[in-house]
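Below: one structure, written as structure tokens.
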Amino acid sequence: PKLKSKKIAVLQISGTGLYSLKPGLFPSDQVLKDAGLQFLPFQEQQEGMFSTLSLEALADYDADVLFVVVVRKKDAENLASSSFLKQPIWSALKAFQNQQIYAVQWAG
């Protein structure tokens, strides 16, 4: 029941790009839904599976929990030093403030 009140978002960092991923792209999305977590409504309604994000739009993804998908091993290893994560807007997000940002490596 506690999870039903939690909003989540899934983003992807790949190289120098930041993307919003529409829920349903990964089998794990269904597991998250089955656990009771709620995706941000506008993310579920986005057109297309991927949507390029600007840093300015990141404030719209102010979810309780944020999953950051990294495609390449190099991106996963360098996530902490990523230029995206050094931007002040990250520290304003609830997920950042509550230490609820999780990196998920998609491929090897």
Side-chain angles (χ1 to χ4, degrees):
K2 287 177 22 178
L3 295 178
K4 290 185 187 271
S5 66
K6 300 292 181 185
K7 299 287 184 202
I8 63 171
V10 181
L11 302 178
Q12 178 180 340
I13 292 178
S14 180
T16 59
L18 180 63
Y19 306 93
S20 172
L21 301 179
K22 184 174 183 171
L25 185 60
F26 304 105
S28 57
D29 293 346
Q30 188 60 50
V31 173
L32 294 170
K33 285 182 179 184
D34 289 348
L37 294 164
Q38 304 293 314
F39 285 90
L40 295 173
F42 71 87
Q43 194 172 22
E44 288 205 72
Q45 297 168 3
Q46 81 180 29
E47 292 188 29
M49 297 308 282
F50 296 89
S51 178
T52 303
L53 281 182
S54 66
L55 281 174
E56 294 78 22
L58 191 57
D60 295 336
Y61 291 80
D62 194 18
D64 299 301
V65 179
L66 185 60
F67 293 97
V68 179
V69 176
V70 289
V71 177
R72 300 178 297 189
K73 185 176 181 180
K74 178 181 171 186
D75 292 330
E77 292 168 353
N78 297 325
L79 189 61
S81 63
S82 168
S83 62
F84 290 111
L85 298 180
K86 291 182 179 181
Q87 300 297 322
I89 195 163
W90 282 99
S91 62
L93 298 176
K94 285 185 283 190
F96 180 91
Q97 293 171 0
N98 296 322
Q99 299 179 358
Q100 296 296 306
I101 296 179
Y102 300 97
V104 181
Q105 189 174 346
W106 185 5

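- Of all the heavy atoms in Gln97 and Ala92, the pair that sits closest is NE2-O, 3.4 Å.
- Leu58 and Leu93 get closest at one heavy-atom pair: O-CD2, 3.8 Å.
- The structure places CG of Leu55 at 6.5 Å from CD1 of Ile89, a figure rounded to the nearest 0.5 Å.
- Here the closest heavy-atom approach between residue Ala9 and residue Ala63 is recorded as N-CB, 3.8 Å.
- Heavy atoms only, all atoms of each residue included: Gln46 and Met49 are closest at NE2-O, 3.5 Å.
- Across all their heavy atoms, Pro23 and Gln43 have their closest contact at CD-O, 3.4 Å.
- Counted within 6.0 Å of NZ on Lys33, heavy atoms from surrounding residues, nucleotides or ligands total more than 12; the atom is thus considered enclosed.
- One finds the CG atom of Leu21 at 7.0 Å from the CG atom of Leu11 (value rounded to the nearest 0.5 Å).
- A donor-acceptor pair under 3.5 Å links the side-chain atoms of Gln38 to the main chain of Gly36, judged by distance alone.
- Residue Tyr61 forms a ring-ring contact (aromatic ring centres under 6.0 Å, His included) with just one option from Tyr19, Phe39, Phe42, and that option is Phe42.
- Of all the heavy atoms in Asp29 and Gly24, the pair that sits closest is OD2-N, 2.6 Å.
- Atoms CD1 and CG, on Ile101 and Leu66 in that order, are 5.0 Å from each other to the nearest 0.5 Å.
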